[in-house]
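For reference, the structure is listed below as structure tokens.
Numbers here are sequence positions counted from 1. No experiment lies behind these values; they were computed from the predicted model shown.
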Amino acid sequence: MKNTEHPIKLFSKWFQEELNLSKTRIPTAVCFSTIGIDNFPNARFVSFKELVNSSFIVTGPLNSRKGTEIAINNHVALTFWWTETERQIRIQGIASKISDQLADKYFSNRNVNSQAVSTICEQGEDIDNLEKLQTEVLEKISEKDKITRPKNWGGFSIKPIRIEFMEFKTTRFHDRTFYEIKNGEWSAKKLQP
């Protein structure tokens, strides 16, 4: 396929168009899928932060289930669904940890509640006493000191190797374009609806 737009530029264009129209509270939500240690896929919604050097950035605890799974198998997927523009973008790529400096930046941009939860809680772990944990979080929020990023909190940079763009049509004849890195260059082809 010739004369196609670069997939990262196309993503940025589509993302901005959705942000301009979106009425949702978290328009940056993306489904982040990893391969579980039991070989079953695991998917959860996270907040897409930004593109850095043509890679997609997401954040969270490094010792969470997703962090543990990425440490074992760093092949991941992102799936965006945008209601206003009726578009879907599927990305497969390789995840790597972001730098401490970048993690500090994203952590400092979080609200104090999110910072406190990230500092006190062990995401996804069993809990015996929810009220006690809630009290610890509230105490952390009420402290006057700035909350610093815990060492187990960071993020991942997902370097895409495949990106599929789909525009939904009422006729069900959806427009799909599939991009893939081949020999260091993006190639594109059309897919049937």
Would you mind checking if Glu18 and Arg87 are paired as a salt bridge, meaning a charged N to carboxylate O distance below 4.0 Å?
no
Electrostatic pair Arg149:Asp100 at N-O distance under 4.0 angstrom:
yes
Minimal non-hydrogen separation, [X] against [Y], with atom names:
X	Y	result
Ala43	Ser33	CB-OG, 3.5 Å
Pro7	Ile163	CB-CD1, 4.0 Å
Leu21	Glu84	O-CG, 3.6 Å
Gly93	Ile158	CA-CG2, 4.0 Å
Trp81	Thr83	NE1-OG1, 3.3 Å
Ile35	Asn73	CD1-ND2, 3.5 Å

Could you tell me which residues satisfy side-chain contact (heavy atoms from CB on, under 4.5 Å) with Ser99, sequence neighbours excluded, listed by chain and number?
Gln101, Leu102
Roughly how far apart are [X] [atom1] and [Y] [atom2], rounded to 0.5 Å?
X	Y	atom1	atom2	answer
Thr148	Gln115	OG1	CD	9.0 Å
Asn63	Asn152	CG	CG	4.0 Å
Gln16	Thr85	CD	OG1	11.5 Å
Thr79	Gln88	OG1	CD	6.5 Å

With salt bridge (Lys or Arg N to Asp or Glu O under 4.0 Å) as the criterion, how do Asp175 and Lys190 come out once you've worked through the C-alpha distance, each side chain's angles and the decisive distance to 0.1 Å?
CA-CA 8 Å; Asp175 185 3; Lys190 283 294 192 182; 2.5 Å; yes
Listing, residues 130-139 side-chain donor-acceptor contacts under 3.5 Å, not counting sequence neighbours, or none:
residue, atom, partner, partner atom, Å
Lys132, NZ, Glu136, OE2, 3.0
Thr135, OG1, Glu131, O, 2.9

Aromatic centroids of Phe56 and Phe156 separated by under 6.0 Å:
no
Determine, using ring centers only, whether Trp153 and Tyr106 are less than 6.0 Å apart.
no
Among Phe165, Phe48, Phe32, Phe45, exactly one meets ring-ring contact (aromatic ring centres under 6.0 Å, His included) together with Phe80. Which residue is that?
Phe48
Does a donor on one side chain sit under 3.5 Å from an acceptor on the other, for Ser157 and Ser96?
no
Consider only side-chain N and O atoms of Glu180 and Ser187, and report whether a donor and an acceptor are under 3.5 Å apart.
no
Assess whether atom [atom1] of [X] is packed by more than 12 heavy atoms of other residues, nucleotides or ligands within 6.0 Å.
X	atom1	value
Arg90	CZ	no
Glu143	CD	yes
His6	NE2	yes
Asn111	CG	yes

Pairs meeting criterion salt bridge (charged side-chain N to carboxylate O under 4.0 Å, His left out) with involvement of residues 45-68, two or more places apart:
Glu50-Lys105
Which class fits the ring pair Phe168 and His174: parallel under 30°, tilted 30 to 60°, perpendicular over 60°?
tilted
